[in-house]
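Just below is one structure, and these are the notes that go with it.
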Amino acid sequence: MSQFTWKDLIQLNSDSKSYLSPLSCMAHVDVNAFFAQAEQIRCGYTRDDPIVCVQWNSIIAVSYAARKYGISRLDTIGSAMEKSGNKLIPIHTAVFRRGEDYWQYHDGCGSWNSDKSKQIPANLYKVSLDPYRRESRKIFRIFRKHSDRVEKASVDEVFLDLGKLCFQRLLTEDIISKSTENCESLGILREIFQQGEYNIDSTLPTVPEELKLLNFVGDVYNPENKPLIEDWDDVIFAIGSQLVGEMRDDIEDSLGFTTSAGIARTKYVAKLGSNFKKPDAQTVILNKYVQDFLDGESFDITSFWTFGGKIGNEICTLLKTPETGSIKFIRENWPDGPQGLHNYLNKRILELSNTNEIQTLDSSKTEALSQKLYDISRGKFLLPLNEKPIVKSMMSNKNMRKDSCCNIIHAISWIEVFSGELTARIKELEQEYSKLIVPKTVVLLATTLKKKVYRKTGHFIHNHSELTPKDFIQIGTKLMQDIDNENYGAKNSFFYPLLNLSITISNFEIFDTNKTIVDMFGNHAKILTKTTNNTKEVEGGKQEELNLFCCKFCNINFETNKEFQEHKDFHVALKLSDAMNGISEDSKNLTIGERRLLLNKKRKNFDKTPPKTNKKSKGKRGSTPGILSFFSK
DNA sequence: TACTCACAG
DNA sequence: GGCTGTGAGTA
């Protein structure tokens, strides 16, 4: 007799409820040493070549072929090369050069190269992870081809809710496997289902003998060689393992990546499963052996997702010793529900209240926490697939070396890099989803030795049909000018060199592309004329006229050429004033573009005082600067 | 809303 | 350790 009901089975077919069914089947798939594999494939190496992916002096991914030298992610490339007797094949990530808005690979270059001309100095470059995002999307697309129940958990991981696919394969598709083509009792099950001749609360028939021969793809966790298929959940897992096997094969055949997968009732256990055997493997954790798995492999609380840091350690402390953070300990000491555990945690928090051992946890969190621990320790913490929105935020960031950002010129050059990166990333997403994606918020964050300075747009509107790096450069530059004026220019206080500079865009508005551009931006154009004092309300053709004297950098319209020229002078001056004023050796450190600007400046004899601040040019033309067309108040 | 912390890969 | 992202908490 089965322990499951028809309701449990049918629930699998529901996108929103499948995870709640005792027959639910989740998978976690992880690309092995993703960055290293991506480079291996890109550069045409094989899996046996010991590739490591390098960023500056650090290794950020180690291929499985390179692990045999004992290389780990924390090694520097220098020490790793030594360990391996120079056998490693290091490949540096793609990089942007300061002042340039595109990334490039410089294969063969990197700090391990003794040839000085083949270095990639971290003060002048910024790492680009775009190539990996691109591969990640290709992989994700393959999962999506097989299933619409996919959660992208990170750049190299997905969760799958296999309930619906398993259900369909079991009950409505012809193919389960060759061994069951003639399975009469399965036919009967299907017939009952199709005729609707069942009571939803009645138990399912016993699993037919023929079905017990169903093959699993990958390894089933079963150290004591107990029977595999006995009830319907085992059948579902066998089908699930086949589905995941097919997806992983597809990924390997079409893209070349090997992956590891875990299949289990819950996301948490599936994730432990994918980590269990690597690379190129998959592990099924059957419900009836999940406790053996959790106990036998001596998992403790800190092995579980979101418990890997302080919280997990504090739980171990509350439970007295690290060993007693073990899953078995929790399950066996609180067998009758989470209430006892809840009381115990609260008691321990009180006991430890005058020590500083417990900092993150407090009694307001223990109720939910004890329920979660109670469930986790039984492999029954049910979490639905989280279908994430396209994007929530996007950051382009650079941690500076001491000479990477010593003045506003440098800062603006980095902003150009950020702008190129963000625009390219948005464009790729737009193409992938056939949407227009418009960020409403742009944040510039500068970190100095002493403080963080933060500027944010109100309501970002771009009036182009297409987003260009220029849009972000305009805004980023404006924000940077504000920050510079307030913290350096006006007060003449300590500000540079910056330790960090970043642009984060967020608050995305997403439009379907089947609308016309006018449909989408018609309203925005109105806002533009409304909120901008110095732009007259004009229609179509007349707008063109105004654009004759339009600063492309700020998108300010000027009424006369003279004003326009003055404004342009102001830009150059602003960009250059700091470099000329202070630190003369800066010029050594400038990129070609920056140096050209400097030369131009000398040639044109720009030394006479230009309009000094933004405010001045504001005042001249009225109360509102034209750049406001990009902001609301 | 602005900012910090925690966590993850 | 550097880079990118999410979510919770706090004021």
Does [X] come within less than 4.0 Å of [Y], counting only side-chain N to carboxylate O?
{"X": "A:D280", "Y": "A:R248", "result": "yes"}
{"X": "A:E486", "Y": "A:R455", "result": "yes"}
{"X": "A:K372", "Y": "A:D375", "result": "no"}
{"X": "A:D482", "Y": "A:K478", "result": "yes"}
{"X": "A:R149", "Y": "A:E387", "result": "yes"}
{"X": "A:E430", "Y": "A:K427", "result": "no"}

Protein-nucleotide distance ([X], atom [atom1]; [N], atom [atom2]), rounded to Å:
{"X": "A:N507", "N": "C:dT6", "atom1": "CG", "atom2": "P", "result": "13 Å"}
{"X": "A:N500", "N": "C:dT4", "atom1": "CG", "atom2": "P", "result": "10 Å"}
{"X": "A:K372", "N": "C:dG7", "atom1": "NZ", "atom2": "P", "result": "13 Å"}

Are side-chain N/O atoms of [X] and [Y] paired as donor and acceptor at under 3.5 Å?
{"X": "A:S18", "Y": "A:D161", "answer": "yes"}
{"X": "A:S274", "Y": "A:H28", "answer": "yes"}
{"X": "A:D30", "Y": "A:S260", "answer": "no"}

Taking salt bridge (charged side-chain N to carboxylate O under 4.0 Å, His left out) as the test, write out the residues that go with A:K126, two or more places apart.
A:E421

Of all of [range], which get a heavy atom below 4.0 angstrom from DNA chain C, listed by number?
{"range": "residues 390-398 of chain A", "answer": "A:K392, A:S393, A:M394, A:M395, A:N397"}
{"range": "residues 50-62 of chain A", "answer": "A:Q55, A:W56, A:I60"}
{"range": "residues 127-158 of chain A", "answer": "A:L129, A:R133"}

Would you classify A:F34 as touching base, sugar-phosphate or nothing, given that sugar-phosphate means primed atoms plus P, OP1 and OP2, and contacts are heavy atoms under 4.0 Å?
nothing

Looking at the rings of A:F293 and A:F276, which for Trp means the six-membered one, are their centres under 6.0 Å apart?
yes

On DNA chain B, reading 5' to 3', which nucleotide is the first and which the last to sit with an atom under 4.0 Å from a heavy atom of chain A, could you check?
B:dA2 to B:dG9

Could you tell me if A:R67 sits above the aromatic ring of A:Y64, with its cationic atom closer than 6.0 Å to the ring centre and no more than 45 degrees from the axis?
yes

Taking side chain as C-beta onward, heavy atoms only, is A:F143 less than 4.5 Å from A:S147?
no

Between protein and nucleic acid, restricted to nucleotides 8-11 of chain C and to nitrogen or oxygen atoms under 3.5 Å apart, what atom pairs and distances do you find?
none

Among A:I475, A:T504, A:D471, find the residue that satisfies the side chain to side chain contact (heavy atoms under 4.5 Å, CB included) test when tested with A:V442.
A:I475

Using a 6.0 Å cut-off, check whether atom CD of A:E100 has over 12 heavy atoms from anything other than its own residue.
yes

